[in-house]
Amino acid sequence: MVSIKSWVLPKSRRDEAPHFSKAQIATVLEQVATLLKLKDANPFRIRAYENGSRTIASLETDLWELNLSGKLTEVKGIGKGISALISEALGEGTWGDLQSLYDSTPEGMIEMLAIPGLGPKRIKQLHDELNIDSIAELTAACNEDAVSCLDGFGSKSQQKILDGIDLLARFQGRRRLNVGLLYGETFEAMVARIDGVEHAQLAGSARRRRETVGDLDIVASVKPENVEAVTEAILAIPDIAEVKGAGDSKVSVILEASILERNLDLGTLDGGVFHAIGGDDYSQMESSGTIEAQVRMVPPHVFAFTLAYFTGSKEHNIKMRQLAIDKGLRLNEFGLIPEDKAGDLKGLDAAKYSLNATNEDEIYQHLGLDWVPPELREDMGEIEAAKSKSLPRLVMPTDLKGSLHNHTTLSDGVATLEQMAGAAMDMDWEFLGIADHSQILNIGDRQIGANAEDLLEQGEKIRELNDNWSDGGKNFRLLHGAECDILPDGSLDYEPETRQQLGHVIASVHQLSTWKARDEIENTEALIKTIEDPTCTIIGHPTGRILQGRDGFDVDLHAVIRRMGELNSEGELKSMEINASPYRLDLDWRFVRFARDQGVPICINPDAHDTTGLRDVWFGVQIARKGWLEPKDLLNCYSGEEIEALLSR
DNA sequence: GCCGTTTTCGGCCCGACTGTTTTCAGTCG
């Protein structure tokens, strides 16, 4: 994946070590991998940098301390070369001879990597033989018919590059999970309805519930004699913008946004996802744009293997395959095949000797593993846990009994207390936390946040409503809190006396520009000061990122979470929010499990500004599952009575 | 570049599809 970050080596903003953050180091390693691809370097060397980047990004311990203690090379995947690079960067603020690697690669070549069908080898060839260093130059060369005469290229390649460039201009890259799932489940249902398709299922990153989805993988169970007819039926779907390829087992297409409307108009699909994103209010859905989709057609008896294979992740598959090899088995999308029987046979021919599996569960069993839920298949320890029968019982949407961060008309919400409560009761919840914006928040010169007076008056109203429900025997309560702005120095909006009268305080950064202008160390110190304030209960959207929109501010979340863990062990309640808005999904799932391990309770919060916004918790649950959470790890799964007691402590 | 009850070299996951070939390389997932 090509990062959208700028392609220059970061400069240290500090006088003393450590000069860079984990995130900066990880980004450089990832970029080096990409640059090496364009140099046609050893592919395994490239992978070493990719793995190194991933490893550093998910490292739970302090990188600087690890470096000082000389234990960098003890981290799996970090050897002599990469550890020396990291040591120098952290200690001296310099990047060895990487600058020459960066200097010798025009940015245009990196941009060209995004052209579908064009990879690093041919980009290098175009650069070496035709001096092409940008997409504009490449377009011109194709139009002058200068590309087709190169070795290994032809007129078809040249046209494919032009098509790819055109596509790139329209293609929006990865899509947020809610949009990707909407496309994916719609297309899945369309394929499933085709005669001859026995079963169709969405795989890939959408099934793993990644926060963004690149393309769609549909696995379809089709008898060999029906493959031709099914292929024709797929290609006849009117919402296909382009057919990228069609072979005996795979159809690769680009879908238009019109597929969504068509499907919703037919009213054929009403999965939980549609409700979760606000039912038929899909007007916000990007109406232009496209998404790539592949349909893999396989005979029914190999369906489970293909589904598992294309669910991924790549890293999970590599581990699984290694496990198979250790048992003398060959694992691929067609089967789990004893090596001694398969011999030189390939693909479906070899699969005749495969062990049987009618579902994924049986594949995992053959390898001595418990079935791994797709959300966990990221090679983050799930295979080891599956081996030792210690996978978590993941939280489900129905486990939730409430949430704590929601807005009303007192700040920028559009629904009243009563309306929000009604919607929560419709979801069978026992509690709903109200947390309107604090007084300092403005948009332009208009004050959005609530004055202390109005806020406390809201508390009175909530008490009245709660008394009424209680008297009527209704097991439901509103919980009174506020979303207090975190000021640049880490202190909280409102006077302490005001905050003390609240059941809970969601502490959130909204002055993002200030925080983005500072480095990781300053931001981390400020955030730790925030959580040490006795009135702070929950950190809201901890980095402020907007998916596909803007990066969050730099902060060492591991350090913040560790401090929260200490405070929890001292008997205080310090919780981390998973902001469930599909635009945020912040806390990132990669930190969720670490928080759990540090004893920090998580709270899934829809940050709802209207009644349908409450349904966003569904996305928060997906992220909690990716973070290995069980109901006991979540404040949302406490009963109304328990949460009320906990917050009034 | 990383790794090693097979430690200092020789492996590193594997198959489909496409377009260019006439036995294969590049790209993708």
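Convention: sequence-line order gives letters A, B, ...; per-chain numbering from 1.
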Whole-Å distance between [N] [atom2] and [X] [atom1]?
X	N	atom1	atom2	value
Q322(A)	dG11(B)	CD	P	15 Å
Q159(A)	dT18(B)	CD	P	17 Å
K160(A)	dT18(B)	NZ	C1'	6 Å
E333(A)	dC28(B)	CD	C1'	12 Å
K250(A)	dA16(B)	NZ	P	11 Å
I161(A)	dT20(B)	CD1	P	10 Å
K314(A)	dC12(B)	NZ	P	16 Å
L113(A)	dG29(B)	CG	P	13 Å

Y353(A) atom OH: more than 12 heavy-atom contacts under 6.0 Å: no

Which is true for [X] with a 4.0 Å heavy-atom rule: it touches a base, it touches only sugar-phosphate, or it touches nothing?
X	value
N51(A)	nothing
S155(A)	sugar-phosphate
Y49(A)	sugar-phosphate
D248(A)	sugar-phosphate

Is there a side-chain contact between [X] and [Y] in this structure, where contact means two heavy atoms from C-beta onward sitting under 4.5 Å apart?
X	Y	answer
I254(A)	I240(A)	no
I25(A)	L90(A)	yes
L59(A)	K22(A)	yes
E50(A)	K37(A)	yes
I78(A)	I56(A)	yes

Considering only the [atom1] atoms, how many Å lie between [N] and [M], rounded to the nearest integer?
N	M	atom1	answer
dT8(B)	dC3(B)	P	16 Å
dC17(B)	dG11(B)	C1'	27 Å
dT21(B)	dC14(B)	P	30 Å
dT18(B)	dT7(B)	C1'	42 Å

First encountered from the 5' end of DNA chain B, between D217(A) and A246(A): A246(A)

Position toward the 5' end of DNA chain B (nearest nucleotide), G245(A) or L331(A): L331(A)

Over-ring placement of R175(A) relative to Y183(A), 6.0 Å and 45° cut-offs: no

Shortest non-hydrogen contact between K124(A) and D40(A), atoms and distance: CD-CB, 3.8 Å

Minimum heavy-atom distance G196(A)-V230(A), with the two atoms named: C-CG2, 4.0 Å

For a quick check under 3.5 Å, do [X] and [Y] share a side-chain donor-acceptor pair by atom type?
X	Y	answer
W7(A)	E107(A)	no
D145(A)	Q158(A)	yes
E333(A)	T306(A)	no

Residue from E375(A), E378(A), E211(A) passing salt bridge (charged side-chain N to carboxylate O under 4.0 Å, His left out) with K626(A): E378(A)

Indicate whether OP1 or OP2 belonging to [N] is found under 4.0 Å from a side-chain N or O atom of [X].
X	N	answer
S157(A)	dT18(B)	no
R45(A)	dG1(B)	yes
R47(A)	dC13(B)	yes
S252(A)	dC28(B)	no

Any residue of [range] with a heavy atom less than 4.0 Å from an atom of DNA chain B:
range	value
residues 69-86 of chain A	V75(A), K76(A), G77(A), I78(A), G79(A), K80(A), G81(A), I82(A)
residues 349-371 of chain A	none
residues 117-129 of chain A	G117(A), L118(A), G119(A), P120(A), K121(A), R122(A)

Quick one: which of [options] gets closest to the side chain of [X]?
X	options	answer
F334(A)	dC13(B), dG29(B), dA16(B)	dA16(B)
K156(A)	dC17(B), dC13(B), dT20(B)	dT20(B)
A48(A)	dG29(B), dC13(B), dG1(B)	dG1(B)

Contact list for residues 151-163 of chain A, test salt bridge (Lys or Arg N to Asp or Glu O under 4.0 Å), sequence neighbours left out: none

Side chain N42(A) and base dG1(B) donor-acceptor under 3.5 Å: yes

What N/O pairs connect the protein and nucleotides 5-10 of chain B at under 3.5 Å? Give each pair on its own line.
none

Watson-Crick or G-U wobble partner of dT8(B), both distances under 3.5 Å: none

Sequence-distant partners of T311(A), side-chain hydrogen bond (donor to acceptor under 3.5 Å, both in side chains), two or more places apart: R207(A)

Parallel, tilted or perpendicular: ring planes of F594(A) versus H558(A), cut at 30 and 60 degrees: perpendicular

